[in-house]
Amino acid sequence: MYPDLSLRENVTHGTRECPLRTMHFQAGEGTPYPDHFFVKRHWHEYVEFILITKGTYLFEINLENQILEEGDICMLNSGEPHEITGQGRAAMHEVVLFDPRILDFSYGDQWQQEYMEPFLKKALVIQNVLHPRQKGYGEIRSAFERLMDRGLSRESGWYISCKLSLLEIFYKFTEHQLFFPAGDVISPSSSRKIKRYKEIVSFMEEHYQDSLSLPQLGEQFGCNSQYLCRFFREIAGVSPVQYLIGYRIERACQLLERSSQPVTDVALECGFENISYFIRKFRELRGCTPSEYRKAGDHGRHSPRTPIAEAKNISQ
């Protein structure tokens with residue numbers, strides 16, 4: 001499958017004053033996910049907590065797969081690549097996203113020095129999955145649910161209350177030894193692999209309007225084009241060139257939706273020098289021409305990369 005939108009999620013969750021967001025997601029008829037919930041692999045600097053309230057999900061975290069079931073809590077550290085696939089329509093989950101810097105304190109007490117500072121520097125990471133039978137689960141889930149209730153209600157003082165619940169959750173992480181040195185969780189070789197992959201994706205997304213070839217990408221990353229293609233395809237399932245085309249088409253979709261620019265100008269702005277090639281690739285990936293896509297208007301399109309825009313009961 002071709003990726004949609006940026007793997008580096010650039011959505012701002014909450015506001016500068018209250019950088020925290022709570023969300024409820026549900027799959028099934030009448031939702032943005034009629035067949036199953038799906039978010040393609042991406043990463044962001046926010047920390048994300050996910051409680052599975054119904055059904056089963058396949059999670060890919062740091063390029064490794066695991067099944068999560070009802071009651072499981074997933075905790076995604078800042079910058080960790082992840083992909084989420086609901087197994088069927090009967091799937092529901094709750095999400096809290098927050099800027100980890102809200103847990104930073106200027107006074108360097110024991111808590112700050114032993115836990116928060118290493119966590120913010122990504123030297124310490126949280127255990128990714130907590131199952132119902134594990135130690136500390138009940139206390140952490142209770143704090144999570146209180147946070148969700150206040151975040152979704154947005155009653156007076158909701159943000160401070162949510163922040164206090166976060167501090168309680170992080171205290172439970174320390175009490176039940178759910179913090180680990182980053183090097184103990186991801187091997188150096190896997191860490192290098194993820195880092196290189198993210199660098200390649202970031203470079204292509206930053207330069208998608210430029211003329212980029214596979215040899216040029218190989219030169220940029222100090223390897224031959226064959227190795228680069230094999231490395232990227234192993235992780236992404238498509239070649240770097242295929243990924244780049246898919247990303248350009250997604251950017252073109254955004255321009256078609258949000259502007260009245262001629263199709264030719266949209267193609268050029270998105271890195272396509274040949275309009276016929278642009279239309280052909282657009283039809284391959286979207287099932288229609290750019291003009292047909294624009295005429296269709298808002299017909300339930302949504303991006304698996306940015307579910308926030310489509311979520312129910314969102315706290316903004």
Side-chain angles (χ1 to χ4, degrees), residues 1-9 25 27 36-52 55-88 91 93-97 100 118-119 121-137 140 173 176-202 204-205 221 227-240 242-243 246 304-305 307:
M1 175 177 290
Y2 290 90
D4 287 334
L5 283 181
S6 173
L7 289 190
R8 296 175 300 120
E9 187 182 87
F25 289 94
H36 66 280
F37 181 84
F38 176 71
V39 177
K40 188 66 178 173
R41 183 190 299 128
H42 66 292
W43 67 88
H44 41 68
E45 291 307 305
Y46 275 49
V47 174
E48 183 171 4
F49 295 162
I50 302 168
L51 170 63
I52 310 301
T56 303
Y57 289 76
L58 172 64
F59 273 69
E60 180 202 84
I61 305 171
N62 288 321
L63 309 183
E64 295 186 0
N65 292 328
Q66 54 184 306
I67 295 292
L68 270 67
E69 300 178 336
E70 184 174 327
D72 288 339
I73 300 174
C74 179
M75 299 165 292
L76 298 163
N77 296 280
S78 176
E80 289 186 327
H82 55 281
E83 179 173 293
I84 308 172
T85 306
Q87 306 295 286
H93 63 281
E94 314 286 348
V95 176
V96 174
L97 283 133
F119 177 69
K121 291 181 177 179
K122 301 180 182 179
L124 280 183
V125 294
I126 312 164
Q127 176 177 307
N128 283 131
V129 177
L130 188 64
H131 301 293
R133 293 183 179 181
Q134 289 183 270
K135 191 176 179 180
Y137 173 87
I140 291 171
F173 289 163
H176 297 292
Q177 300 179 334
L178 298 177
F179 276 113
F180 298 92
D184 292 351
V185 177
I186 304 176
S187 68
S189 61
S190 294
S191 181
R192 288 192 296 270
K193 183 177 182 179
I194 293 169
K195 182 175 182 292
R196 171 58 65 91
Y197 170 71
K198 291 166 71 174
E199 287 172 347
I200 296 169
V201 167
S202 297
M204 287 194 293
E205 292 183 353
F221 293 99
Y227 171 82
L228 179 67
C229 189
R230 185 170 62 253
F231 170 84
F232 194 87
R233 187 184 291 275
E234 179 187 343
I235 296 175
V238 296
S239 71
Q242 288 174 305
Y243 173 82
R305 193 72 68 194

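Computed from a predicted model, the values in this text were never measured in an experiment.
Counting only distance, with no hydrogens or angles, the side chain of Tyr137 and the backbone of Gly71 share a donor-acceptor pair below 3.5 Å. A side-chain donor-acceptor contact under 3.5 Å links Arg41 to the backbone of Ile235. At least one donor-acceptor pair under 3.5 Å links the side chain of Gln87 to the backbone N or O of Thr85.
Atom-to-atom distance recorded for Thr56:OG1 and His36:NE2 is 13.5 Å, nearest 0.5 angstrom. How far CD1 of Ile73 is from NE2 of His93: 13.5 Å, rounded to the nearest 0.5 Å. Rounded to the nearest 0.5 angstrom, Ser191 OG and Lys193 NZ are separated by 12.5 Å. Taken to the nearest 0.5 Å, the CZ atom of Phe38 stands 9.5 Å off from the CG atom of Leu58.
Counting heavy atoms from C-beta on, the side chains of Leu51 and Phe49 never come closer than 4.5 Å. For the pair Ile200 and Tyr243, the minimum side-chain heavy-atom distance is 4.5 Å or more. Under the 4.5 Å side-chain criterion, counting only non-hydrogen atoms from C-beta, Ile50 is not in contact with Leu68. Side-chain contact check for Asp72 versus Phe59: every heavy-atom pair is 4.5 Å or farther apart. Side-chain contact between Glu80 and Glu48 is absent, with no heavy-atom pair separated by less than 4.5 Å. Annotation: side chain of Phe119 is in contact with side chain of Asn77 (closest heavy-atom distance under 4.5 Å). Two residues are said to be in side-chain contact when any heavy atoms from C-beta on lie closer than 4.5 Å; Pro81 and Ile194 meet this criterion.
Using cut-offs of 30° and 60° for the angle between ring planes, the His42 and His44 rings count as tilted. Between Phe232 and Tyr197, the angle of the ring planes lies from 30° to 60°, which puts this pair in the tilted group.
Scanning for side-chain hydrogen bond (donor to acceptor under 3.5 Å, both in side chains) contacts around Ser189 gives Ser187, with sequence neighbours left out.
Residue Phe180 qualifies as enclosed at atom CZ: its count of foreign heavy atoms under 6.0 Å is above 12. Heavy atoms from other residues, nucleotides or ligands lying under 6.0 Å from NZ of Lys195 number 12 at most.
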| request: Show the numbers, then the answer: is there a side-chain contact (heavy atoms from CB on, under 4.5 Å) between His176 and Gln127? | output: CA-CA 11 Å; His176 297 292; Gln127 176 177 307; over 6 Å; no

| task | Mind running side-chain contact (heavy atoms from CB on, under 4.5 Å) on Leu124 and Phe173 for me, showing each step along the way? | result | CA-CA 12 Å; Leu124 280 183; Phe173 289 163; over 6 Å; no

| request: Carefully, step by step, assess Phe25 and Ile84 under the rule side-chain contact (heavy atoms from CB on, under 4.5 Å). | output: CA-CA 12 Å; Phe25 289 94; Ile84 308 172; over 6 Å; no

| request: Please lay out, stage by stage, how Cys74 and Ile61 fare under the test side-chain contact (heavy atoms from CB on, under 4.5 Å). | output: CA-CA 10 Å; Cys74 179; Ile61 305 171; 3.8 Å; yes

| request: Would you check, one step at a time, whether the test salt bridge (charged side-chain N to carboxylate O under 4.0 Å, His left out) holds for Glu45 with Lys122? | output: CA-CA 11 Å; Glu45 291 307 305; Lys122 301 180 182 179; 3.1 Å; yes

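Closest approach of Ser239 to Cys229, counting heavy atoms only: CB-SG, 3.8 Å.
Using modelled atom types and a 3.5 Å distance limit, the side chains of Asn128 and Gln66 yield no donor-acceptor pair.
Taking the charged nitrogens against the carboxylate oxygens, Glu205 and Lys198 have no contact shorter than 4.0 Å, which rules out a salt bridge.
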